[in-house]
Protein chains: 2
Amino acid sequence: MARGQARGTVRRRLERPREQVLEAAMEAIAEYGPAEMTMAELARRVGTSGGHVLYYFGSKDRILLETLRWSEEKHVPGRAALLAAGGSAMDRLPAFVELYLPEGAADPRWLLWVHVWGRTLAAPELRDTQAELDLAWHRDLVALLEQGARGGEFAPADLPGFSVRLRAMLDGFSTQIVIGVPGVTREGSLAHAMDYARQALGRPG
Amino acid sequence: MARGQARGTVRRRLERPREQVLEAAMEAIAEYGPAEMTMAELARRVGTSGGHVLYYFGSKDRILLETLRWSEEKHVPGRAALLAAGGSAMDRLPAFVELYLPEGAADPRWLLWVHVWGRTLAAPELRDTQAELDLAWHRDLVALLEQGARGGEFAPADLPGFSVRLRAMLDGFSTQIVIGVPGVTREGSLAHAMDYARQALGRPG
DNA sequence: TCAAAATTTTGAATGACATTCAAAATGATC
DNA sequence: GATCATTTTGAATGTCATTCAAAATTTTGA
């Protein structure tokens with residue numbers, strides 16, 4: 001996974017340069033958006049030079065991709081807790097969806113997703129990481145659903161298929177939320193998603 | 001709608017400059033993608049100067065937005081025919097979905113959608129047109145569904161709500177198709193969408 | 001038909017950027 | 001502590017969208 005950034009070498013000036021840069025990138029993205037975040041500004045924030053940031057990460061695309069990964073990783077514990085919590089899966093599903101959706105318009109994590117989508121054809125090396133991050137959500141959603149199925153909460157169904165469909169729907173809503181389409185909210189999107197989920201997974205009887 | 005481009009003035013050099021530019025833009029986007037299409041290249045294609053294209057359209061954002069509109073307009077007749085065709089709405093729904101989805105990876109219409117999403121926060125003037133184009137799909141989908149409901153094909157339900165959910169799902173699939181996520185295809189996405197539709201609109205009885 | 005007025009068209013700046021790179025600084029190794 | 005490897009810098013480079021003043025062309029009104 002790592003690529004030479006962390007192979008045992010000791011750092012000189014910057015403490016945890018990777019962390020620092022990604023954190024600064026996230027802040028800059030929250031302020032300006034991914035396209036408007038410049039190497040110079042990012043360098044200024046971590047107290048180094050633009051050239052150095054690029055020496056370290058290789059390209060702006062890679063910085064943004066690593067920032068997306070870093071931002072996605074923050075959700076892992078929350079999802080794990082949700083999976084471990086026990087109880088009704090259907091009752092936990094809204095919390096899962098809430099983790100998935102953007103916090104609101106201009107949520108930096110989702111700004112990154114949309115930005116990275118737009119860069120993927122030109123920079124196909126972005127694809128693997130996206131697939132990997134997506135798979136993490138898929139796995140955990142399917143795991144949650146399987147808990148529900150095992151517990152008899154809903155009829156045995158094509159759970160992975162449902163996960164694919166639900167996440168596609170959530171991607172659509174998330175896109176609209178993050179770019180600020182008027183009238184599309186986190187709450188409304190959650191309601192839509194749960195409407196679909198209840199219909200698709202409805203009680204066995 | 002028009003803004004001074006077409007208020008009765010006679011054109012000089014270029015015949016139908018708007019059409020020509022948008023057509024050329026579409027071709028360039030199909031070849032390079034929206035971000036990589038340069039003003040210089042676009043100008044070359046229509047035999048004018050980069051400065052002129054911008055004099056005419058104001059900004060690259062506006063060109064891309066107008067190109068998206070132009071590209072969307074091509075779907076209007078197809079949708080209208082579908083609505084006028086009569087017969088089972090559920091049977092016509094797949095054709096609607098096929099119109100909605102990208103033709104495949106790198107479909108220029110969908111490259112434009114994704115690109116415009118990414119520009120929307122920085123250029124909020126893009127929002128109205130997006131909403132307008134989206135509304136056209138929504139209206140026609142609801143109209144098709146209402147035909148089905150009137151014909152007793154499915155139980156009376158929240159048709160507009162279903163349209164919102166289905167199109168969110170289709171947006172999610174379309175994004176993945178257009179950026180070339182491996183394994184996500186037009187056919188699979190159609191099947192997913194119809195799976196949802198049948199479940200949500202299933203027979204009254 | 002012609003001259004002023006209006007519009008279009010050009011192409012050369014401008015200013016922002018990501019990226020590259022050679023040189024300088026710093027740290028590791030023996 | 002001298003050599004080697006790595007990191008860091010900051011000044012080019014090259015690519016763009018965008019701007020703008022000047023030139024070309026068309027329209028208008030007599």
Side-chain angles (χ1 to χ4, degrees), chain A residues 2-21 24-25 28-29 31-67 112 115-116 118-119 122-123 125-126, chain B residues 2-21 24-25 28-29 31-67 112 115-116 118-119 122-123 125-126:
Chain A
R3 243 301 161 136
Q5 295 98 320
R7 54 178 148 113
T9 55
V10 178
R11 309 276 170 242
R12 313 301 155 81
R13 291 285 173 69
L14 290 178
E15 202 72 22
R16 304 162 26 257
R18 198 188 123 87
E19 281 281 309
Q20 271 204 223
V21 171
I29 290 161
E31 278 183 47
Y32 313 124
E36 291 72 24
M37 178 200 76
T38 69
M39 293 300 99
E41 168 65 10
L42 183 52
R44 199 191 55 70
R45 281 173 188 253
V46 293
T48 182
S49 67
H52 185 52
V53 186
L54 278 167
Y55 161 81
Y56 200 84
F57 282 93
S59 72
K60 182 177 177 179
D61 276 337
R62 257 206 275 280
I63 294 173
L64 293 178
L65 192 68
E66 290 304 305
T67 308
L112 275 170
H115 187 268
V116 161
R119 300 268 330 127
E125 70 271 18
L126 303 182
Chain B
R3 245 292 159 145
Q5 295 98 323
R7 53 177 150 111
T9 53
V10 178
R11 309 276 169 238
R12 314 299 153 82
R13 290 285 173 69
L14 291 178
E15 201 71 24
R16 303 163 25 257
R18 198 187 125 87
E19 281 280 309
Q20 273 204 222
V21 171
I29 290 160
E31 279 184 46
Y32 312 123
E36 290 72 24
M37 179 200 77
T38 68
M39 293 299 101
E41 169 65 11
L42 184 52
R44 200 191 54 71
R45 282 173 189 252
V46 292
T48 181
S49 67
H52 185 53
V53 185
L54 279 167
Y55 162 80
Y56 200 85
F57 281 92
S59 72
K60 183 177 174 180
D61 276 336
R62 256 207 276 281
I63 294 173
L64 293 178
L65 192 69
E66 290 303 306
T67 308
L112 276 169
H115 187 269
V116 161
R119 300 269 333 125
E125 70 272 17
L126 303 181

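Chain naming here is simple, since letters A, B, ... match the order of the sequence lines and numbering starts at 1 in each. Side-chain atoms are counted along with the backbone in the values below, which use heavy atoms only and exclude waters and symmetry mates.
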Q: Flag the pair E41(B) and R45(B) as a salt bridge only when some basic side-chain nitrogen lies within less than 4.0 angstrom of an acidic carboxylate oxygen.
A: yes
Q: Using atom CD of Q20(B) as one end and atom P of dT8(C) as the other, report the distance to the nearest whole Å.
A: 16 Å
Q) Hey, which of these two, S49(B) or M39(A), hits DNA chain C nearer its 5' end, going by closest nucleotide? A) S49(B)
Q: Measure from the side-chain heavy atoms of K60(A) and tell me the nearest of dC17(C), dT19(C), dT18(D).
A: dT19(C)
(Q) Looking at K60(A) and P34(A), would you say the former's side chain and the latter's main chain have a donor-acceptor pair under 3.5 Å? (A) yes
Q.
I need the OH-P distance between Y56(A) and dT6(D), as an integer number of Å.
A. 14 Å
Q: Name the closest nucleotide to the T38(A) side chain, picking from dC17(C), dT9(D), dT8(C).
A: dC17(C)
Q) So does E36(A) pair up with R119(B), basic N to acidic O under 4.0 Å? A) yes
Q. Is Y55(A) near enough to dT8(D) that one of its side-chain N or O atoms lies under 4.0 angstrom from OP1 or OP2?
A. no
(Q) Without decimals, in angstroms, what is the distance between H52(B) NE2 and dC20(D) C1'? (A) 15 Å
(Q) Any non-hydrogen side-chain atom of V21(B) less than 4.5 Å from a side-chain atom of Y56(B)? (A) no
**Q.** Counterpart base for dA30(D), defined by Watson-Crick or G-U wobble contacts under 3.5 Å
**A.** dT1(C)
Q: Could you check which of dT7(C), dT19(D), dT19(C) has an atom nearest any side-chain atom of L54(A)?
A: dT19(C)
